[in-house]
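Both backbone and side-chain heavy atoms feed into the values below; hydrogens, waters and symmetry mates do not. Each ligand, and each atom within it, is numbered from 1 in the order the structure gives.
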Amino acid sequence: MGALRARTVLLSGSNRGIGLGLVKQLLAAPKPPLWIFASCRDPEGPRAQELRDLASKHPNLVLLKLDVANPVSVTEAARIVERKMNGSGLNLLINNAAIYTPTASLAVVDAEDMMRTYETNTVGPMLMAQAFLPLLKKAAQESTEKGLSCSKAAIINISSVMGSIERTPATFLKPVISYRCSKADLTVETSVQGLLSVLPILSEKHNGTLLNWEGKAIPW
Ligand SMILES: NC(=O)c1ccc[n+]([C@@H]2O[C@H](COP(=O)([O-])OP(=O)(O)OC[C@H]3O[C@@H](n4cnc5c(N)ncnc54)[C@H](OP(=O)(O)O)[C@@H]3O)[C@@H](O)[C@H]2O)c1
């Protein structure tokens, strides 16, 4: 399987979990991207220490303050990236940031939690796609590649099997404790390795599909 050849990549929620794992493996790739924009809510705070340590060693890693649930923060971050790119485009936007409330069963979930989750997990990627679209289009115009690919210009939304309506009986009805345990089955490293081996094979035919970390289609 080929390696990801995107010259410029931007990720949300990259200070921990899968986002941080992606940054680490992208930096360690034989041909790392020219620029990795690793965004998080608080790049100056204690939760971004590991990211700052990486940035001090890797000049191609740019830390960016970005709260996906805050439209002003998203547009400000897009402006900073545009200035940094100095006329060049952005190849790959990875919408990774998300929140998950494990205790939210139908009996206890409230409007506030539902709205907060939608603001981050659904509206957030939409705001990101809108704000970075001009830079993605620019990258597509600069490229001589045919068709759609992550090395040309693409938006990847990191989703979950929990988003599959068809798989609901197999996921949602399980006690939450099982989900928590199942999350521990796949390490961040394995999950990120899988993601990074799937990204290079994506093309038009994958547009709008829900794929797992091994590139296998999950029904919507
Ligand atoms: N882990 C799994 O087993 C699994 C399975 C399926 C899908 N996924 C998906 O993979 C992605 C990453 O999951 P994860 O397990 O790495 O999650 P995680 O460890 O909980 O990390 C979530 C990241 O999102 C950030 N974030 C939350 N709200 C944000 C906002 N409003 N603006 C910007 N950043 C925000 C967090 O930043 P703070 O530090 O500031 O909170 C953190 O960096 C998610 O999209 C998740 O749905 C994960």
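Evaluation of the side chain to side chain contact (heavy atoms under 4.5 Å, CB included) rule for Asp67 yields Arg41, Ala69, Asn70, Ser73 as partners, not counting sequence neighbours. Under the side-chain hydrogen bond (donor to acceptor under 3.5 Å, both in side chains) criterion, Asn15 pairs with no residue at all, not counting sequence neighbours.
Residue Ile99 has at least one heavy-atom neighbour below 4.0 Å for each of these atoms of ligand 1: 27 (C), 28 (N). Taking every non-hydrogen atom of Gly13 and a distance limit under 4.0 Å, the qualifying atoms of ligand 1 come out as 23 (C), 24 (O), 25 (C), 34 (N), 43 (O). Below 4.0 Å from some heavy atom of Thr120 lie the following atoms of ligand 1, by number and element: 28 (N), 29 (C), 31 (N). Under a 4.0 Å criterion applied to the non-hydrogen atoms of Arg47, ligand 1 contributes the atoms 38 (P), 39 (O), 40 (O), 41 (O).
Using a 4.0 Å heavy-atom cutoff, Asp42 is absent from the residues neighbouring ligand 1. Put simply, part of Leu66 is less than 4.0 Å from ligand 1, judged by heavy atoms. The closest approach between any non-hydrogen atom of Ser159 and ligand 1 is below 4.0 Å.
Comment: Glu204 does not engage Lys146 in a salt bridge, judged by the lack of any side-chain N to carboxylate O separation of less than 4.0 angstrom. With respect to Arg79 and Glu76, a salt bridge is recorded, a charged nitrogen being found less than 4.0 Å from a carboxylate O.
From Ser12, atom OG reaches atom CZ of Phe37 across 14.5 Å, with rounding to the nearest 0.5 Å.
Among Leu11, Asn15, Asp67, the residue whose heavy atom sits closest to atom 31 (N) of ligand 1 is Asp67. Among Gly19, Gly17, Ser191, Ala98, the residue whose heavy atom sits closest to atom 22 (C) of ligand 1 is Ala98. When the options Ile18, Leu20, Asn96 are ranked by their closest heavy atom to atom 11 (C) of ligand 1, first place goes to Asn96.
Using a 4.5 Å cut-off on side-chain heavy atoms (C-beta onward), Cys40 and Lys65 make no contact.
Side-chain contact, Ser197 with Gln193: no donor N or O sits under 3.5 Å from an acceptor N or O.
Polar contact with ligand 1: present for Val68 (N/O pair, distance under 3.5 Å).
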I would like to know whether Arg16 and Glu50 meet salt bridge (charged side-chain N to carboxylate O under 4.0 Å, His left out); could you show each step before the answer?
CA-CA 8 Å; Arg16 59 187 168 97; Glu50 221 177 325; over 6 Å; no
